[in-house]
Protein chains: 2
Amino acid sequence: MRLTTKSSYGVRALISLAIMYDRKRPVPIKDISREEEISGVYLEQIFNRLKNQGLVRSIRGPGGGYALVRDPSDISVYEVVMALEGSVNPVRCVSGKGEKKECGRIATCASKEVWREMARRIKETLGDFSLRDLAGRTLELDPGKARKAQLYEKSLS
Amino acid sequence: MRLTTKSSYGVRALISLAIMYDRKRPVPIKDISREEEISGVYLEQIFNRLKNQGLVRSIRGPGGGYALVRDPSDISVYEVVMALEGSVNPVRCVSGKGEKKECGRIATCASKEVWREMARRIKETLGDFSLRDLAGRTLELDPGKARKAQLYEKSLS
DNA sequence: TATAAGCTTGACTTTTTTAGTAAGGTATAT
DNA sequence: ATATACCTTACTAAAAAAGTCAAGCTTATA
Ligand code: FES
Ligand code: FES
């Protein structure tokens, strides 16, 4: 019953982007990597997917980095997880869309209804958290982060 | 975002036990294995855990097999999944109890609250389905199963 | 316009987990 | 006795996850 680290890393990374969102400045991977202690090369993979799924855009060259495409209040954790995991179904059988391997007993299988409901509720739950929520909560829990963001700003001006 | 097959197999297997529950007869692994097309040796592992977690009891020798310890209406899918997966936490950090590797940033991490809530809702959801529910639903979806159970009875008398 | 910051792409490797096998045992109804 | 069925430990193959490597491409800016 585990998400891959892509999701947890991805959410943490996007919280950083959300915090920077108002400042209209892209955040380079290296910064997130340092801050969050996540392998930079691995983060690149993650951001690649996020970009392909249209959640972030990239700005190349010096001063570049990644930025959210939409307002953080408009992006839910569900979207992030879907972008990175591809699905939220707890079993193969109930793949929903075109996930290979159709299960032969699906017509007469009662347990599939459990898994379907479970997927529904997960979607609902993750849909309830926006990146703005989490960014706000982060600044509450870790005021140091706010300060750091300020400093970062100053160092650039 | 997947459960292991242990959970889906386990739930399916226990539905069979639930169907047989009223008839007060243990079900041997071989039968379930045949019916559900699940490797018998693998099922043994699964029933082992279910037994250790107190969900089923075993009767040895000819005419033996496994039977539910409690009434099917009193056993939820959540219990089954917990017995077989050990946990329902979507990430390592939020291990709840004594799952090794304490995460160092847990104090200041906002996303942990998402994962915690997610675990809560999964528990809630799976807790809402009892084995009796699923047994009943199975007989609705697959009347052949009811008939087969009857025949099985007759063949023994 | 040279440089370096930063993204892009695809393949590759390592580690961990999952899904099973294999083999030999023990209890018990008939 | 014997066949049925559970019990236990160990092993293995395959898949997935986590992470690395290498070589490029864009673009701001000095
Ligand atoms: S739908 Fe595949 S086993 Fe239930
Ligand atoms: S609690 Fe471990 S990273 Fe959030």
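All values derive from a computational prediction rather than experimental measurement. What's counted below: heavy atoms across the whole structure, side chains too, no hydrogens, waters or symmetry copies. Here is the naming used below: chain letters follow the sequence lines, and residue numbers restart at 1 for every chain.
Among pairs with a residue in residues 115-140 of chain B, none fulfils ring-ring contact (aromatic ring centres under 6.0 Å, His included), at least two apart in sequence or across chains. Sorted by first and then second residue, the ring-ring contact (aromatic ring centres under 6.0 Å, His included) pairs involving residues 48-72 of chain B (not counting sequence neighbours) are F47(B)-Y66(B). Contacts classified as side chain to side chain donor-acceptor pair (under 3.5 Å) and involving residues 105-114 of chain B (residues at least two apart or in different chains) are given here: E37(A)-R105(B), R137(A)-E113(B).
A heavy-atom distance below 4.5 Å is found between the side chains of R2(A) and S87(B).
Distance L50(A) CG to dC7(C) P: 13 Å, rounded to the nearest Å.
A side-chain N or O of S130(B) and one of D133(B) form a donor-acceptor pair less than 3.5 Å apart.
With hydrogens and angles ignored, no donor-acceptor pair closer than 3.5 Å exists between the side chain of Q45(B) and the base of dT8(D).
The side chain of N48(A) lies closest to dT8(C) when the candidates are dT8(C), dG19(D), dT21(C).
With sequence neighbours excluded, the residues forming a side-chain contact (heavy atoms from CB on, under 4.5 Å) with S33(B) are L43(B), listed by chain and number.
For the helix from dT1(C)-dA30(D) to dT30(C)-dA1(D), the terminal axes (five pairs an end, C1' atoms, rotation from four pairs onto the next four) enclose an angle of 10°, given to 10 degrees.
F47(A) comes within contact range of no nucleotide atom at all, as no heavy-atom separation falls under 4.0 Å.
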Protein-to-nucleotide contact annotation, 5' to 3' order, nucleotides 22-30 of chain D [B base; S sugar-phosphate only; - none; under 4.0 Å, heavy atom]: ---BBBB--
